[in-house]
Amino acid sequence: MKLTYKHTVLSCYLAYISSAAANNLPALLFIIFQTDFGLTTTQLASLVTFNFFTQIIVDVLGAKYSDRVGYRGIAIISEAFLAVGLVCIGILPMIMGNKYLALVIASIVYAIGSGLGEVIISPMIEALPGDAKESAMSILHSFYCWGFVGVVTLSTLYFYVFGTDEWYVLPILWAIVPVITLIMFSVVPIRELNDSAPSMPLTDLFRTKLFWLFLLLMICGGAAEQAMGQWASLFAEAALGVSKTVGNLLGPCFFALAMGTTRGLYGKYAEKLPIKKALLICALIALGGYLMVSLIPNPYIALIGCGVIGIGVGLFWPGVLSVASKAIPAGGTAMFAILAVCGDIGCSVGPQVAAVVSEINGAGLSMGLLSCVVFPLTIAVSMLINIKKHKDI
C-alpha cells in the first residue's frame, strides 16, 4: 500500500490523541494516588506544575533545534516519550519506594513528549500541500478534545468493568496509541515548512511587530481556555448536585465537547468564514459565556455558560496559529514553537488570575471569572483592528 499525505494527517490526529491521553489520564487517577499512596493535594498539584514547566522548556528548546533534527525525528521522539511516560505511570509507583518521586519522573517523561508534539505537529500540518490550512489546523486541534473525551469515557468504562485495583494496567494500555503513532511517523511522507524556502532567523522574527501581537493573542487564548476549564467540574457539581468524582468527569467532558465541536465545525466550513472573522465571533461568544457564569447567580445558567465558553475558546489556539502562519509565512517551525510557549503560559496565567481576584477581599469565584473577560475581549479588539488594517491577511 502506497502511503500518502492522508496517512500523514491521520498520524498527526493520533499524535494529538496520544498527547491528550498523557496529559489527562493522571488526573483521573488522582483519587487512587491519594488513597493508595497517601499523596497530598499539594503533591498532586505539583505533578501538573512539573508537566507544565517541562513542556515550556521543551517548547523553547524546540524553537532552537527543531529544524536541525527534522520533523520526522522529533515526531518519533515525541511519541516515544509519550509511550514511555504512560508506561512509567503504571510501573514506576509499583517498583519504587517513593511513590511521589515515581510519578514526578513519569510526569516529566510524558511532558517532554507532549511538548515536542506541540512544537512539531501543527507546522507538519501547515507544511502539507493544499490551500485549506485553517480548516486542517482546526480539525487537527479538535482531535485533542476528542482524545480527552475518549480518555475520560473509556477509562471510566475500564474502572466500571475491572474496578480500580488494576488501575496500573490502564496507562499501559493507553501507551499503545503513541506506539502505533510512532510506527506511522516512521513511514508516512513528511514535508517541512522550510523545504521550499529557509525560515527567517529568530532575531528577525522578534523584530516583526505582528509577531508580538500573535504572542499576546496566544497568551490570551490559553488563558481564556483554562480559566474556565479549570473550574468546569465545579460548575457541574453545583448545577447538577452530583459528587465531586462525577463532576470532575462531566464538567471537563462537557467543556471539551464544546471546544471540539467548534474546531470540527470550522474545519468543515472554513471556506465560508475567514479565520479572522471567525476568531472575532468566537471571542464575542467566549465573552458572553464569561458574563453568563459570573453575573447570573444560577448554577444551571453557569453550566450552560461553561459550554458557551468552550464553544468560544475552541478556535483561539488553532486560529491564531493559522493567522500567524499566513501573516508571517517565513516564520517556520521556530515561530510555532514560540507561539506554543505563549499558549502554555496563558494556560497557567488564566486560572491564576481567576484565583487571585476571587481571593481579594473575599470577592468570590464569580468576580474572579469576571476579571477573565479581558482575555476574549483582547482577542476581539485585536481582530477588529487587524481586519481593518490587514485585509489581505
Side-chain angles (χ1 to χ4, degrees), residues 1-26 50-51 54-55 57-59 61-63 65-92 103 105-128 136-137 139-151 154-155 158 168-195 333 336-337 340 344:
M1 182 180 69
K2 183 180 179 181
L3 296 174
T4 67
Y5 285 124
K6 290 183 178 179
H7 298 96
T8 309
V9 172
L10 177 60
S11 301
C12 292
Y13 292 166
L14 286 174
Y16 264 56
I17 293 175
S18 300
S19 184
N23 284 323
N24 296 292
L25 179 62
F50 277 115
N51 181 4
T54 301
Q55 288 195 48
I57 293 171
V58 171
D59 288 345
L61 292 175
Y65 297 108
S66 56
D67 287 332
R68 301 182 191 178
V69 178
Y71 287 10
R72 189 184 304 277
I74 290 183
I76 291 173
I77 294 170
S78 169
E79 297 306 308
F81 271 99
L82 285 170
V84 173
L86 284 165
V87 171
C88 285
I89 294 173
I91 292 181
L92 289 186
L103 292 172
I105 294 172
S107 298
I108 292 174
V109 172
Y110 68 69
I112 293 173
S114 185
L116 288 172
E118 279 188 340
V119 168
I120 213 66
I121 302 303
S122 290
M124 192 181 293
I125 288 290
E126 188 70 26
L128 294 179
M137 193 69 71
I139 293 175
L140 169 68
H141 284 260
S142 75
F143 271 83
Y144 186 90
C145 302
W146 307 138
F148 172 80
V149 174
V151 167
L154 294 178
S155 298
Y158 175 90
Y168 53 87
V169 178
L170 184 61
I172 297 175
L173 290 175
W174 275 111
I176 295 173
V177 179
V179 169
I180 293 173
T181 312
L182 183 155
I183 294 171
M184 292 185 66
F185 275 135
S186 301
V187 294
V188 298
I190 291 178
R191 192 168 180 240
E192 302 196 9
L193 282 175
N194 59 357
D195 279 351
T333 314
F336 280 89
D344 284 337

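In this chain, numbering begins with 1 at the start of the sequence shown.
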With sequence neighbours left out, the residues meeting ring pair (Phe, Tyr, Trp, His ring centres under 6.0 Å) with Y158 are F162
For Y16, the ring pair (Phe, Tyr, Trp, His ring centres under 6.0 Å) test, sequence neighbours excluded, returns H141
I77 meets the side-chain contact (heavy atoms from CB on, under 4.5 Å) criterion, sequence neighbours left out, with F81, L116
L61 meets the side-chain contact (heavy atoms from CB on, under 4.5 Å) criterion, sequence neighbours left out, with I57, Y65
Fill in: Any donor-acceptor pair under 3.5 Å from S18 side chain to L14 backbone
yes
Quiz item: Just by modelled atom types, is the Y71 backbone N or O under 3.5 Å from a matching donor or acceptor in the E192 side chain?
Solution: yes
In this structure, CZ of F185 is separated from CZ of R72 (nearest 0.5 Å) by 9.5 Å
Separation between OG1 (T8) and CD1 (I125), nearest 0.5 Å, reads 8.0 Å
With sequence neighbours left out, the residues meeting side-chain hydrogen bond (donor to acceptor under 3.5 Å, both in side chains) with S19 are N23, S114
Could you go through the side-chain contact (heavy atoms from CB on, under 4.5 Å) check for Y110 and V84 one step at a time? CA-CA 7 Å; Y110 68 69; V84 173; over 6 Å; no
- Item | side chain to side chain donor-acceptor pair (under 3.5 Å) between D59 and Q55, worked out | CA-CA 6 Å; D59 288 345; Q55 288 195 48; over 6 Å; no
Atom pairs and distances, side-chain donor-acceptor, residues 172-183, under 3.5 Å, sequence neighbours left out:
| from | atom 1 | to | atom 2 | distance (Å) |
| --- | --- | --- | --- | --- |
| W174 | NE1 | S155 | OG | 3.2 |
| T181 | OG1 | V177 | O | 2.8 |

